[in-house]
K.L.:
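For reference, the structure I am asking about is given below.
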Number of protein chains: 2
Amino acid sequence: MMSAEVNYYNSQNPFLVAVDCIILGFQDNEIKLLVHHRQMEPAKGGLSLMGGFVRENESLNDAAIRVLTSLTGLENIFMEQVGTYGDIDRDPGERVISCVYYALIDVRAQDESLLEKYNASWVNINRSDELIFDHPQMVRDAINILRNKAAMQPIGFNLLPEKFTLTHLQALYEAIYGKSLDKRNFRKRMLGFDFIEKLNEVDKSGSKKGAYYYKFKEDKTHLLNSDYGF
Amino acid sequence: MMSAEVNYYNSQNPFLVAVDCIILGFQDNEIKLLVHHRQMEPAKGGLSLMGGFVRENESLNDAAIRVLTSLTGLENIFMEQVGTYGDIDRDPGERVISCVYYALIDVRAQDESLLEKYNASWVNINRSDELIFDHPQMVRDAINILRNKAAMQPIGFNLLPEKFTLTHLQALYEAIYGKSLDKRNFRKRMLGFDFIEKLNEVDKSGSKKGAYYYKFKEDKTHLLNSDYGF
DNA sequence: TCAAAAGTGTTCGTTTTACACCCATGT
DNA sequence: ACATGGGTGTAAAACGAACACTTTTGA
């Protein structure tokens, strides 16, 4: 498709460029991180984010999507850049510049068979300091972005199944922010944005009385106001 | 200093990696962007952000600092990543992955002689759509970050001289947000954070009565609360 | 004396917080 | 009948928005 006719910049140094994906899920009322045991040296066997080298025929975003999809089987997933990590010695093997993305997925929708294939598993987010290299910092940065963003925009829904109860939703937010929230205020606030819609269906799994399911109204994101506080 | 003993990843493709700097200043009550006329093909002569290729012996951050310092003569400047742009065809010359930073500087402190040397000049931020390649998008993304961040954290001060009046400060915020603000509310709010300190010195340049100078209190940034709204 | 910018408080509406009880149901 | 989680309202406080006049001084 694309072929550079001329090498304009051929006196310059090239670098290996990788993408690393911070794949987050919500399970057992905890934010979980999808990690794997690294299959190559150096640090073979160490806990690592899922990553891969960028290929010649793909954009950075496409590389991130490829990594995510190969590990989860999911497509059309919420994913955003966290940042790019470029310290010289960040990877002890060789210099690699890593562009990091975070993704929010519904763990129940993923293809579980792929976990085995890649030696991957879900761990509690607070175990991210066990990761190799600068991956712990990457995760901290991602969580920070998530906390800031989830308070303003309805991205948390990406971590839940299509149908969820307000109790589920509250548990999610409590996990994201690491603190318990007032039930009445939380519900008032969530229903105040009109991002979610009550369904005529009740979840009896969590209680005898049963709780109404809600779903996220697609395409209300354009209603977001761009009010910065000034 | 560092030498990779082994090439662990040598079956992988390397890429050219550049940093591009969005250097912002405040002048004549406008947010200005430091741009230059590109000196190499392709798009030679086009309006471009200041950038440079990352070198083997420097981190990404160091590369950004090098670019900024070479063009302004300034060190210890507020600078943050905006994001990394990695579409295959984003640079029509050859594939280049660009890691973008934005910097906030006091235009009065810069070394003006360097502007000539690099064929650089300050243009109003709203002219950024005249830039080459994907640079206009980079600038939009940076402005968005700035607007979000300046409402929460005292980073705007980096665009002002050490001493400034509240009138200057308000003009700066009005330029950042592109709308006029109420003087009393603005002052109440700014003095409410205790980031700034009144000096015993008056600026008579802007009015007959004179306005008190203020300065930014260093190291109050740790007082920032991490309240996400939940 | 007047023009021009600096400086200063109050009111009102909205938003956020804190807080406790009844409901519906399965066992 | 009781244990369990689901669901609801109100009062007080904090915050944000709107709004107009007096002060100082150089020309």
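Chain letters run A, B, ... following the sequence lines, proteins first, then strands; residues in each count from 1. All heavy atoms count here, side chains included; hydrogens, waters and symmetry mates do not.
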K.L.:
Do you know which of L114(B), L34(B), D111(B) makes side chain to side chain contact (heavy atoms under 4.5 Å, CB included) with T72(B)?
P.N.:
L34(B)
K.L.:
Side chains of N144(A) and Y228(B): any donor to acceptor distance under 3.5 Å?
P.N.:
yes
K.L.:
Using a cut-off of 4.0 Å between protein heavy atoms and nucleotide atoms, how would you tag nucleotides 2-11 of chain C 5' to 3' with B, S and -?
P.N.:
-B-SBBBBB-
K.L.:
Give the rounded distance in Å between these two atoms: CZ of R189(A) and P of dT17(C).
P.N.:
7 Å
K.L.:
Do the side chains of K179(B) and E174(B) get close enough for a salt bridge, i.e. N-O under 4.0 angstrom?
P.N.:
no
K.L.:
Around atom CD of E162(A), are there more than 12 heavy atoms of other residues, nucleotides or ligands at under 6.0 Å?
P.N.:
no
K.L.:
Anything under 4.0 Å to a heavy atom of chain B counts; send over the first and last such nucleotide of DNA chain D, read 5' to 3'.
P.N.:
dA17(D) to dG26(D)
K.L.:
Taking only distance into account, with no hydrogens and no angle test, what donor-acceptor pairs under 3.5 Å do side-chain atoms of residues 22-31 of chain B form with protein atoms, sequence neighbours excluded?
P.N.:
residue, atom, partner, partner atom, Å
E30(B), OE1, N124(B), ND2, 3.0
E30(B), OE2, N124(B), ND2, 3.2

K.L.:
Please step through side chain to side chain donor-acceptor pair (under 3.5 Å) for the pair D141(A) and Y85(A), ending with a clear verdict.
P.N.:
CA-CA 11 Å; D141(A) 292 344; Y85(A) 296 73; 2.5 Å; yes
K.L.:
Establish, yes or no, whether the cationic atom of K163(B) lies under 6.0 Å from the six-membered ring centre of Y213(B) and within 45° of the ring axis.
P.N.:
yes
K.L.:
Would you please say whether a donor-acceptor pair under 3.5 Å links the side chains of D20(B) and Y101(B)?
P.N.:
no
